[in-house]
Amino acid sequence: MNFSFDITIDTIMAFIALVLAIYSTIYTWKANQFSIELSSTFKANNRNQTRVEFCVINTSSNPLVIKNIELFLEKEQVFDNGFSPIEYDEKILEDKAKQWEKENTQYIMGVRMGPLGINPYLLDNAYSANQVTSENFTHEVFLLPSQSESFSYYVSRIPNKIVVKTDKKIHHFKTFKSFFVDFQEYN
């Protein structure tokens, strides 16, 4: 048997078309993959409590749903400790109001008279309305392409890993992606 193979223009064009088709398939597959990233990882101390904050960004060209977010320190899961700066401030103001009332109450001939003046600690505290509370992951979040969502937690121990679970495969063949983080001090 005699096989002969001649390289002709037709063969070269067919080979180039094959290479372009393979490249196009790989490019389309890569462009349609789902992906997320983590950014703006900060920590801040607020009333002797540590608050960590981060942003999840959908970097893919398709929308996806965040199903769950978990924080870990080594292999142990870290949860929000439930601290509320508003409740903390209200408790301090309540204690100061009671102390002010004790100090400013007058007794005339054994009869207790109300304090003179207005208790400054009973006035509305407009300052507490601007306090930063934790914004935990509580329900599924729908993210459009290039959209981001911020989350924050008051924690007793600073986590070093964040696991984000979605409805799509975002990391190889898994629906979750782990991020090892080093939270920066918030200024």
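- In terms of the side-chain contact (heavy atoms from CB on, under 4.5 Å) criterion, residue partners of Leu20 (sequence neighbours excluded) are, by chain and number, Ile16.
- Identified under the salt bridge (charged side-chain N to carboxylate O under 4.0 Å, His left out) test for residues 56-68, with sequence neighbours left out: Lys67-Glu140.
- Lys174 pairs by the side-chain hydrogen bond (donor to acceptor under 3.5 Å, both in side chains) definition with nothing, not counting sequence neighbours.
- Residues meeting the side-chain contact (heavy atoms from CB on, under 4.5 Å) test with Thr28, sequence neighbours left out: Ser24, Asn32.
- Shown here are the side-chain contact (heavy atoms from CB on, under 4.5 Å) partners of Leu18, two or more places apart in sequence or in another chain: Ile22.
- Partners of Glu37 according to the salt bridge (charged side-chain N to carboxylate O under 4.0 Å, His left out) rule, which considers only residues two or more places apart in sequence or in another chain, are Lys177.
- Applying the side-chain hydrogen bond (donor to acceptor under 3.5 Å, both in side chains) criterion to Asn81, with sequence neighbours excluded, gives Gln49.
- Nearest heavy atoms, Ser35 versus Leu64: O-CD2, 4.3 Å.
- Shown here are the side-chain hydrogen bond (donor to acceptor under 3.5 Å, both in side chains) partners of Ser61, two or more places apart in sequence or in another chain: there are none.
- For Ser178, there are no side-chain hydrogen bond (donor to acceptor under 3.5 Å, both in side chains) partners, not counting sequence neighbours.
- When the side-chain contact (heavy atoms from CB on, under 4.5 Å) test is applied to Ser150, the partners found at least two apart in sequence or on another chain are Cys55.
- Applying the salt bridge (charged side-chain N to carboxylate O under 4.0 Å, His left out) test to pairs two or more places apart or on separate chains, none has a residue in residues 7-28.
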Name every donor-acceptor pair, under 3.5 Å, that has one atom in a side chain of residues 151-167 and the other anywhere in the protein, sequence neighbours excluded.
{"unit_1": "Ser152", "atom_1": "OG", "unit_2": "Arg51", "atom_2": "NH2", "d": "3.2"}
{"unit_1": "Ser152", "atom_1": "OG", "unit_2": "Glu135", "atom_2": "N", "d": "2.8"}
{"unit_1": "Tyr153", "atom_1": "OH", "unit_2": "Phe137", "atom_2": "N", "d": "3.1"}
{"unit_1": "Tyr154", "atom_1": "OH", "unit_2": "Asn46", "atom_2": "ND2", "d": "2.9"}
{"unit_1": "Tyr154", "atom_1": "OH", "unit_2": "Val132", "atom_2": "O", "d": "2.7"}
{"unit_1": "Arg157", "atom_1": "NH2", "unit_2": "Glu76", "atom_2": "OE2", "d": "3.3"}
{"unit_1": "Asn160", "atom_1": "OD1", "unit_2": "Glu74", "atom_2": "N", "d": "3.2"}
{"unit_1": "Asn160", "atom_1": "ND2", "unit_2": "Glu74", "atom_2": "OE2", "d": "3.3"}
{"unit_1": "Thr166", "atom_1": "OG1", "unit_2": "Lys168", "atom_2": "N", "d": "3.4"}
{"unit_1": "Thr166", "atom_1": "OG1", "unit_2": "Lys168", "atom_2": "O", "d": "2.7"}
{"unit_1": "Thr166", "atom_1": "OG1", "unit_2": "Thr175", "atom_2": "O", "d": "3.4"}
{"unit_1": "Asp167", "atom_1": "OD1", "unit_2": "Val65", "atom_2": "N", "d": "2.9"}

